[in-house]
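Only this structure's heavy atoms are used, side chains among them; waters, hydrogens and symmetry mates stay out. Every chain is numbered from 1, with letters handed out A, B, ... down the list of sequences.
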There are 2 protein chains.
Amino acid sequence: MQEEIQQGRIRIKDIAEKAGVSVGTVDRVLHGRPNVSEKSRIKVEEVLKRIDYQPNMYASALASNKYYKFFCLFPQHKPGEYWTEVEKGVMRAQSKFNDFNISVEIFYYDPFDSQSFLKAAEQMQQREFDGVIINPTKVEVTSQFTEQLHEKEIPFVFIDSNIPELHPLSFWAQNSQKSGYFAARMLKLLAPNSEVGIFRQVVSGHVGSNQQLEREEGFLQYMKEHHKDTIIHTLELPAKNFGRQFDIMDKFFAEHKNMHCGICFNSKVFGIGEYLEKRHKKDFRLMGYDHLERNNECLRNGFVDFLIAQHPWKQGYGSVQILIDYLILKKEVMRYNYVPIELLTAENIEFYNKTN
Amino acid sequence: MQEEIQQGRIRIKDIAEKAGVSVGTVDRVLHGRPNVSEKSRIKVEEVLKRIDYQPNMYASALASNKYYKFFCLFPQHKPGEYWTEVEKGVMRAQSKFNDFNISVEIFYYDPFDSQSFLKAAEQMQQREFDGVIINPTKVEVTSQFTEQLHEKEIPFVFIDSNIPELHPLSFWAQNSQKSGYFAARMLKLLAPNSEVGIFRQVVSGHVGSNQQLEREEGFLQYMKEHHKDTIIHTLELPAKNFGRQFDIMDKFFAEHKNMHCGICFNSKVFGIGEYLEKRHKKDFRLMGYDHLERNNECLRNGFVDFLIAQHPWKQGYGSVQILIDYLILKKEVMRYNYVPIELLTAENIEFYNKTN
DNA sequence: CACATTTTCGTGTTCGGACACAAAGGTACA
DNA sequence: TGTACCTTTGTGTCCGAACACGAAAATGTG
């Protein structure tokens with residue numbers, strides 16, 4: 001079958017022949033470049049209307065011989081944490097689309113220090129780049145950066161959470177509210193009649209991330225709609241060494257003898273799981289977020305029952321793809337991209353795959 | 001940033017310069033073609049060892065100017081059924097990789113008539129093709145075709161289920177046994193103390209598909225390991241108009257008053273769900289397989305509680321990708337590809353997305 | 001050593017599209 | 001009618017890799 005010519009493929013040359021003009025003219029029409037007479041333009045457009053021309057993107061990228069630089073702005077993190085997976089996705093996309101002549105560079109900010117976000121942004125702006133992937137922080141801070149990007153007409157994609165009013169090109173995230181709602185349904189199945197504990201991560205006294213708040217909101221909404229009488233207790237624990245405050249936790253559990261299930265709206269649930277393990281507390285059903293090695297370990301040991309995963313890998317990969325589609329392939333891009341809300345259990349976790 | 005030359009990219013030309021030979025010689029070494037002196041070969045191989053050469057696949061595909069034809073052999077089906085989604089994935093891959101000069105053609109067989117499989121295979125063999133995606137039927141039948149493929153050295157990928165002893169290039173499927181095991185865990189959560197009903201699809205008296213059998217096997221294993229005392233009732237229903245045999249079903253439900261949950265190990269669970277709806281039977285928890293419009297409708301109405309999805313779209317897309325990686329990009333391919341075992345509920349189904 | 005044959009190797013063309021450049025056509029004005 | 005200038009159009013080169021072809025070098029044979 002090889003060595004044959006496929007009839008289906010239409011080239012610029014074919015269009016030129018059909019329209020009775022040269023390839024140069026077709027090229028000018030296709031790209032909306034000037035210096036084409038009305039007569040020629042119409043001839044070409046007629047042909048384009050009749051046929052379905054799909055340019056060979058690889059030939060195109062090859063010929064244009066351009067180089068694209070994408071920057072990422074992510075929170076600082078330790079290896080093995082949530083953002084490591086996002087980065088893996090980004091890097092995978094970079095190598096996968098390497099032949100388009102792209103490269104990606106990651107910048108970091110301290111999520112607990114908003115000045116740090118702007119400092120990193122400033123560093124980036126001293127260099128040239130064609131697109132950015134941003135994990136947004138507070139609106140007032142993020143907007144300072146994105147306004148400059150809008151001015152320079154540099155597209156940006158939000159990742160992991162979204163701020164629609166800053167008008168990103170697109171975003172990749174999970175619907176936090178709905179995922180909290182789903183979590184509530186699942187927790188109620190695990191422990192239908194139990195009081196519920198919520199383990200909050202706080203930084204200097206208040207919940208840092210919007211995501212955590214939105215998940216809790218969805219969770220509470222489900223309870224209001226379906227199980228109004230459920231009693232909920234909340235324990236606030238500092239982000240540093242989350243779950244290692246054994247004395248506070250002992251007290252919390254001792255005070256609520258009828259609380260046999262709980263949830264943690266961030267990826268640090270292993271902190272609680274490991275506490276339960278230390279205390280040999282097997283009668284407590286626990287849920288949390290994200291496919292991290294330490295969380296998975298708890299799942300396998302039975303100290304976490306369910307994890308909700310949000311495909312960080314896919315978010316990273318997808319964000320790069322969005323920029324490529326928009327800048328290089330000139331395709332329409334989806335303005336919103338929600339990752340699925342997935343339930344991981346000891347029984348299905350081995351098949352939660354990270355490949356594309 | 002555009003218009004710059006990226007330092008990182010290495011071309012054949014660069015290798016030639018470093019090795020002090022011409023591009024022709026480098027090309028011969030890279031492809032293992034003859035007519036290269038030992039001396040030149042070593043010079044080139046030295047350079048290749050030092051650097052990490054990643055050929056520009058798009059330039060390569062462009063230059064080779066080959067055309068690849070892939071065939072699929074799938075079961076006949078009506079629109080909207082499971083296999084429609086697989087086909088969508090295949091077609092998406094075809095258009096996505098169109099610039100590699102590939103095209104895909106689908107052949108069908110009657111899953112209840114094994115002669116039909118071989119007839120379709122024969123039809124295919126009268127034409128030329130470079131790779132096949134096969135949904136295997138019985139081993140004895142499938143092997144007749146795959147042996148011929150091995151002789152001709154045409155690679156084939158199994159989809160939806162696997163027969164390892166026929167040595168496919170790769171396969172894409174869900175682990176049926178584990179997915180049944182997972183289903184059992186979930187059903188036990190839904191109705192912890194209830195007797196269980198299994199709704200089997202049978203054709204002329206016996207279960208047609210391996211997949212259904214393996215899922216049931218996994219299901220029973222979970223029950224044996226964790227809930228030995230669970231009472232299970234089985235109802236066999238013919239594939240034609242599955243779930244429309246109201247009289248038989250009425251009898252089944254009447255006979256088992258303590259049976260408040262059930263499962264159906266194939267994608268036709270909507271048949272049972274719609275029965276429950278007609279009978280206004282809200283006290284029965286039902287599980288089934290696959291993201292089909294009629295199943296989703298049952299999920300939304302509350303007559304099916306959980307669906308297990310198996311990414312048919314991804315299986316189709318992935319199978320084409322395997323053939324491309326192997327034949328065109330000459331990459332190592334994964335020999336086994338399991339799709340995740342995903343739980344769909346009314347709360348998360350809207351985010352079960354089919355995009356890549 | 002002359003000549004034929006085989007092996008080795010470099011050059012040139014090709015793929016489809018982007019873009020530079022030059023040639024041709026058109027218009028304006030003295 | 002000639003010249004200047006702008007618009008329109010076609011041609012040629014390039015991107016990176018594949019492969020055909022022919023030249024050069026090595027080997028074989030009488």
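- Residues passing the side-chain contact (heavy atoms from CB on, under 4.5 Å) test with A:L323, sequence neighbours excluded: A:F70, A:I133, A:P155, A:V157, A:L169.
- Atom P of nucleotide C:dG17 and atom NZ of A:K330 are separated by 16 Å, given to the nearest angstrom.
- For A:Y53, a side-chain nitrogen or oxygen approaches OP1 or OP2 of C:dG17 to under 4.0 Å.
- A:A93 meets the side-chain contact (heavy atoms from CB on, under 4.5 Å) test with A:F97, A:Y317, A:V320; sequence neighbours excluded.
- Distances shorter than 4.0 Å separate none of the side-chain N or O atoms of B:S64 from OP1 or OP2 on D:dA18.
- Residue B:Y67 places none of its side-chain N or O atoms closer than 4.0 Å to OP1 or OP2 of C:dC15.
- For A:S22, taking side-chain heavy atoms from C-beta onward, the closest of the listed nucleotides C:dC15, D:dC15, D:dT11 is D:dT11.
- Salt bridge A:R9/B:D99: present, at least one basic N to carboxylate O contact under 4.0 Å.
- The interatomic distance linking A:I12 (CD1) with D:dT9 (C1') rounds to 15 Å, in whole Å.
- Residues that satisfy the side-chain contact (heavy atoms from CB on, under 4.5 Å) test with B:E105, not counting sequence neighbours, are B:K69, B:F71, B:F107, B:R127.
- Atom CD1 in B:I10 sits roughly 17 Å away from atom C1' in D:dC15 (whole-Å rounding).
- Atom P of nucleotide D:dG10 and atom NZ of A:K13 are separated by 15 Å, given to the nearest angstrom.
- Between the P atom of C:dA18 and the OH atom of B:Y58 lies a distance of 17 Å, rounded to the nearest Å.
- Of all the residues in residues 25-43 of chain A, A:D27, A:H31, A:R33 reach under 4.0 Å from DNA chain C with at least one non-hydrogen atom.
- One atom, CZ of A:R11, and another, C1' of C:dT14, lie 12 Å apart when rounded to the nearest Å.
- For B:S60, a side-chain nitrogen or oxygen approaches OP1 or OP2 of D:dA18 to under 4.0 Å.
- For the side-chain hydrogen bond (donor to acceptor under 3.5 Å, both in side chains) test, residues two or more places apart in sequence or in another chain that qualify with B:K49 are B:E46.
- Considering only side-chain N and O atoms, B:K66 lies nowhere under 4.0 angstrom from the phosphate OP1 or OP2 of C:dT14.
- At the heavy-atom level, B:V21 lies under 4.0 Å from the strands shown only through sugar-phosphate atoms.
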Output a table of donor-acceptor pairs, distance under 3.5 Å, between side-chain atoms of residues 24-31 of chain B and any protein atom two or more places apart or on a different chain; print 'none' if there are none.
residue : atom : partner : partner atom : Å
B:D27   : OD1  : B:H31   : ND1          : 3.4
B:D27   : OD2  : B:R33   : NH2          : 2.7
B:H31   : ND1  : B:D27   : O            : 2.9
B:H31   : ND1  : B:R33   : NH2          : 3.4

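- The local environment of OH in B:Y108 is crowded, with over 12 non-hydrogen atoms from other residues, nucleotides or ligands closer than 6.0 Å.
- Nucleotide D:dG16 holds its C1' atom 11 Å from the CG atom of A:N101, rounded to whole Å.
- Computed from coordinates, the A:N98 CG to D:dG16 P distance equals 13 Å when rounded to whole Å.
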